[in-house]
Protein chains: 2
Amino acid sequence: MTLKELAQALGLSPTTVSRALNGFPEVSEETRKKVRAAAEAYGYRPNMRARSLATGRAMAIGHVIPIQSGHEMVNPVFADFIAGAGEVYSGAGYDMLISIVPDDRQQQAYEDFRTKGSVDGIIVHAPRLGDKRIQLINDVGIPFVVHGRASDSGEAYSWVDMNNFRAFERATKLLLDLGHTRIGLVNGLEDMDFAIRRRAGVEAALRAAGLKVNDACFFSGEMTEHYGHRAMTEMLALPEPPTAVLTSSMIPGIGIRRAIRESGREIGRDISVIIHDDDLSYLPNGREDPLFTATRSSVREAGRAAATMLLDIIATGDHDPRHVLLEADLILGRSTGPVRAMATT
Amino acid sequence: MTLKELAQALGLSPTTVSRALNGFPEVSEETRKKVRAAAEAYGYRPNMRARSLATGRAMAIGHVIPIQSGHEMVNPVFADFIAGAGEVYSGAGYDMLISIVPDDRQQQAYEDFRTKGSVDGIIVHAPRLGDKRIQLINDVGIPFVVHGRASDSGEAYSWVDMNNFRAFERATKLLLDLGHTRIGLVNGLEDMDFAIRRRAGVEAALRAAGLKVNDACFFSGEMTEHYGHRAMTEMLALPEPPTAVLTSSMIPGIGIRRAIRESGREIGRDISVIIHDDDLSYLPNGREDPLFTATRSSVREAGRAAATMLLDIIATGDHDPRHVLLEADLILGRSTGPVRAMATT
DNA sequence: CGCGTTTCCCAAAGCGGTTTGGATAACGAT
DNA sequence: ATCGTTATCCAAACCGCTTTGGGAAACGCG
């Protein structure tokens, strides 16, 4: 059923039908009602392609998910982020276009989005150190919002981020307050922006307490269970192993827990662990009885915030950079405790 | 830069330029080269909306991800599945549209996809028992492929699925061969099709061995770590706890491992555990040294298969139902071993 | 040279909407 | 009764591309 057919069936012109449905004032209330009823009855829905060709608005937002060539890893927070964003889009009548591309074809993906006219705006995921994408999209000239920040990008741009620095600084302070002085960090890949900020937060807290940073206890890698296990095992083999460990996600946290248990120690008693919890729906840390002490910030909420921001930028046409910095909650679980005198083997 | 402008700049008609770029034979090689060069130089890219309005093909595939109202859980395999599908799409010049909708607005989502003309085909995720979606989309009349099957849907339709029955039957047989006779199953929600088939596989193997199914050792729930932990803890409290457990995913498997350890037992020695491993990029079970003995089947591969099938259905226009049944590998890890005489507390 | 084929290119008609610029009728005021 | 408004509706242009149906030149052949 097309507009024209609907118009014909009603004995009206396409113009009038279009206006009636889109709420223009040039049409009488009476006919508007008739048109609405007929549209409903015939199940008429405007063809989006035709409409957006005519209006120039695609009514769609593009998400570009980078895949790191080599590791082939999809960011695990991705599913929840777009679930949050998706809520906002569908509420506003927008579609969500997703493009999963290897690192080296990023630029292509952004340009395609714009020149092919398939989206009105873009969400950029997982910015890295030295990320050129932001400059790229700025050049392309299409509204966008970054999930996270690219520390060293000179450009001004809009972003939604979690306060990684503060979250990890606070978590470290908690450990310091519990008496821990040998603290390890099992971080994400350190060319990712969030990992850099988290490390900085830990280091700041340590320095503030007059402690020096022990490089042997700082790890950087892709956040898998095996990685957490390996890092923890290595640390436990040190002459003076850390008594507390922070890690960037629940998944390596599980590996850390396994390594601790395998060494005959007990988590929360012999060794304290704090994870960052993205509050993923399929990997809940637990509400009333959290597995891990954690800094928690819902990545789904971040998705909602980023989508809302982007739609607003598009609607208002106001491209001044905006920022939302989400603070993480510090959740006390069973994986932390005061330092024990004889934690070493 | 539009086609018309490009044509003008070249001193040619839009017709010729369009044909030159789309490889029609009615244009001389010489002009084709000139046109290509100019298009390259000006950075011309056809507007997809206009093109698909003209051709009637949207060059996009829609994925409808259901969110179970109430739990708000996004299926964790989703990210890897669409990563696989995305590869295929981008290779074929297709876009991927994602719609994340609560259960009760599914129908709307499918109809919108078609009537709004935004996609040429649909991938249906996570079919359930008594799922009405398949009939729904068949009625809507748009090519689609289901990831998984809906056991009780009378309709014929195309699907890509893993052989859940056989995978769990084989895994159960492995446990039986190891001498286990008290076997538990920590399954997914049993209104999901895959969970039903897995249970059936386990039951078939048990019956074939002349064993009866113990309902106290069969669990059904949303696959979280906590769920695995709770189920295992319950089983261990039984007068005769199982000596082996199968579970539907790595995540509850981790909870199961935790419960086993908390009870002072050792996984693989006191209690054997087999998980199903979707080979998720962010939750690897390990290649050389797998954490768990597992039935493994890459969900990313399933995504590729489903996308390939759908594109082919669209290209050939041949709507005869097709099926791909992926077999799972049985991977031996360290979580299984022969039954021990005194496994009970 | 005449005539039927090719070869190469173009004008114009869509695709299904929106939007501009009237046209017609009804209305109120003079 | 006349004229300017206002309220409704419509014809036609347009968005940017594809595609149909020629048309003109070049070619092949008797």
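Numbered from 1 within each chain, the chains take letters A, B, ... in sequence-line order.
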According to side-chain hydrogen bond (donor to acceptor under 3.5 Å, both in side chains), who are the partners of [X], at least two apart in sequence or on a separate chain?
X: Ser158(B); value: none
X: Asn138(B); value: Glu155(B)
X: Thr31(B); value: Ser28(B)

Pairing residues for [X] by the ring-ring contact (aromatic ring centres under 6.0 Å, His included) criterion, not counting sequence neighbours:
X: His323(A); result: Trp159(A)
X: Phe144(B); result: none
X: His147(A); result: Phe81(A)

* Pick from Ile122(A), Val146(A), Val124(A): which one makes a side chain to side chain contact (heavy atoms under 4.5 Å, CB included) with Arg133(A)? ->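 Of the listed options, the one satisfying the test is Val124(A).
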
* State, to 0.1 Å, how close Val74(A) and Arg300(B) come at their nearest heavy-atom pair, and which atoms those are. => CG2-NH2, 3.4 Å

* **Contact list for residues 140-149 of chain A, test salt bridge (Lys or Arg N to Asp or Glu O under 4.0 Å), sequence neighbours left out** =>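 Counting only pairs at least two positions apart or across chains, the salt bridge (Lys or Arg N to Asp or Glu O under 4.0 Å) contacts touching residues 140-149 of chain A are Arg149(A)-Asp161(A).
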
* Bend across the helix from dC1(C)-dG30(D) to dT30(C)-dA1(D), to 10°, with axes taken over 5 pairs at each end? ->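 One end's axis against the other's: 50°.
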
* Assign a letter to each nucleotide of nucleotides 13-18 of chain C from its 5' end: B, base within under 4.0 Å of a protein heavy atom; S, sugar-phosphate only; -, no contact. => -BBBBB

Between the protein and nucleotides 6-8 of chain C, list the N/O to N/O atom pairs that are separated by less than 3.5 angstrom.
none

* Structure fact -> chain B reaches DNA chain D, atoms under 4.0 Å from its heavy atoms, from dG16(D) to dG21(D)

* To do: With sequence neighbours excluded, tell me which residues meet side chain to side chain contact (heavy atoms under 4.5 Å, CB included) with Phe24(B).
  => Arg19(B), Asn22(B), Glu26(B)

* Can you measure from CD1 (Ile123(B)) to CG (Leu97(B)) and round to the nearest 0.5 angstrom? =>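 Answer rounded to 0.5 Å: 13.0 Å.
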
* Asked: So, are Arg45(B) and Asp112(A) salt-bridged, with charged N and O less than 4.0 Å apart?
  -> yes

